[in-house]
Amino acid sequence: MNGTAPPSVSILDAPDFNLPLTLTSGQVFHWSEVAGYWEGLVGDKYCAVRQDGQHLVFRGSLSAAEVANYFALDHAMDEISASFPDDAFSQAALRACTGLRVIRQPEWECLATFITSAMKQVAHIRQMSLAIRSRFGMPVSQSAINAYPSPARLALTDEAALRECSLGFRAKNLLGAARSIDDGTIDLLALRSMKTADARTALCSLPGVGVKVANCVLLFAYERLDAVPVDVWINRIMRAMRGGRPATAAQLQRYSERHLGPYAGYVQQYLFHHARVSKTLPQR
DNA sequence: CGCCAGGGTCTCG
DNA sequence: CGAGACCATGGC
């Protein structure tokens with residue numbers, strides 16, 4: 001209301017939620033912990049948030065409804081937990097990752113970030129994402145980092161400039177995707193009302209987007225909670241679930257879709273994070 | 001230092 | 001359809 005008023009803090013109920021776990025589970029890459037608060041952007045809106053037991057304490061430009069929507073506080077965690085398969089892998093991951101939410105990310109920055117994720121570790125995906133924001137993004141009031149640059153902005157740059165953000169061979173793909181979206185070849189808004197299979201096909205027509213990246217975007221930005229990204233970690237876990245027998249990528253993708261239940265994407269995210277932090281699985 | 005990372009694409013059998 | 005080569009870069 002009053003432009004000279006001190007920044008106010010708001011409080012939100014957040015049962016069955018673990019903020020740091022959610023923000024460090026490899027679905028979103030730009031949040032930083034500063035002085036007890038997690039600071040980040042949702043689109044071009046700044047948010048600083050910390051967890052206090054069953055509550056979120058936050059300040060910035062987001063309304064309570066927007067914070068709740070971003071962190072998917074409305075997800076029916078009882079129902080989702082109950083849907084996890086009754087095998088040792090899934091149940092161990094469920095116990096270890098209680099409170100992890102699959103959040104609702106802005107579509108373009110999710111897509112762009114996962115285009116740059118190919119054959120990269122989580123730490124480096126974060127570095128590339130921050131470099132792109134710093135170099136091409138618009139400053140945001142209160143925020144140490146910039147908004148993710150729009151497709152139109154990236155369409156204006158060139159491959160060499162993107163390579164200076166350490167993208168390597170991914171630079172051409174990000175540029176090509178930005179241009180296809182900027183010129184209307186692909187309409188990210190239109191994907192919202194499409195069947196998952198059709199949306200996946202559309203995403204896969206973009207350079208640097210195959211089934212794995214498309215499923216990341218469907219899961220993390222389009223709320224398709226049954227979409228299962230099969231990366232090298234999930235690959236190992238699926239193989240172990242099947243008794244360690246060798247299997248093709250297509251077999252493992254099919255297995256994940258048939259055996260992980262209606263919230264397969266959730267199960268996958270728990271399996272991924274648990275395996276990655278515990279390092280209990282065979283390395284090959 | 002050698003190996004690996006939240007892969008995609010193209011070619012060849 | 002399935003396997004291999006190739007693509008850059010940094011963490012460990």
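We name chains A, B, ... by the order of the sequence lines, and we start the count at 1 in each one. Note that the coordinates shown come from a computational prediction; the quantities given were computed from them, not determined experimentally.
- In this structure, A:Ile234 atom CD1 and B:dG7 atom P are separated by 11 Å, rounded to whole Å.
- Taking the six-membered ring where tryptophan is involved, the planes of A:Phe71 and A:Phe17 are tilted, since the angle between them lies from 30° to 60°.
- Computed from coordinates, the A:Asn215 CG to B:dG8 P distance equals 9 Å when rounded to whole Å.
- Contacts between residues 251-263 of chain A and DNA chain C, counted as heavy-atom distances below 4.0 Å, involve no residue at all.
- Using modelled atom types and a 3.5 Å distance limit, the side chains of A:Thr196 and A:Arg224 yield a donor-acceptor pair.
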Could you list, one pair per line, each protein nitrogen or oxygen that sits under 3.5 Å from a nitrogen or oxygen of nucleotides 9-11 of chain B, together with the distance?
residue	atom	partner	partner atom	Å
B:dT9	OP1	A:Gly208	N	3.4

Readout for nucleotides 3-12 of chain C: B = base within 4.0 Å of protein heavy atom, S = sugar-phosphate only, - = neither; 5' to 3' it is S---BBBSS-

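- Using a distance-only test at 3.5 Å, with no hydrogens or angles considered, no donor-acceptor pair links the side chain of A:Arg254 to the main chain of A:Ala249.
- Both thresholds, 5.5 Å between centres and 30° between ring planes, are not jointly met by A:Phe114 relative to the base of B:dG6, so the two rings are not stacked.
- Salt bridge A:Glu164/A:Arg135: present, at least one basic N to carboxylate O contact under 4.0 Å.
- Atom CD1 of residue A:Ile132 and atom OG of residue A:Ser166 lie 9.5 Å apart, to the nearest 0.5 angstrom.
- Geometrically, A:Arg239 does not engage A:Tyr255 in a cation-pi contact, judged by NZ or CZ lying under 6.0 Å from the ring centre and within 45° of the ring axis.
- In summary, the side chains of A:Arg126 and A:Ser32 do present a donor paired with an acceptor at a separation below 3.5 Å, with no hydrogens or angles considered.
- The side-chain hydrogen bond (donor to acceptor under 3.5 Å, both in side chains) test applied to A:Glu257 returns A:Gln253, not counting sequence neighbours.
- For A:Arg192, the salt bridge (Lys or Arg N to Asp or Glu O under 4.0 Å) partners are A:Glu107, not counting sequence neighbours.
- Taking atom P on both nucleotides, B:dG6 is separated from C:dC6 by 24 Å, rounded to a whole Å.
- Counting only residues at least two apart or on different chains, the ring-ring contact (aromatic ring centres under 6.0 Å, His included) pairs with a member in residues 163-222 of chain A are A:Phe114-A:Phe220.
- Using cut-offs of 30° and 60° on the angle between ring planes, the pair A:Tyr70 and A:Trp31 is tilted.
- Using C1' as the reference atom, B:dC1 and C:dT9 are 16 Å apart when rounded to the nearest Å.
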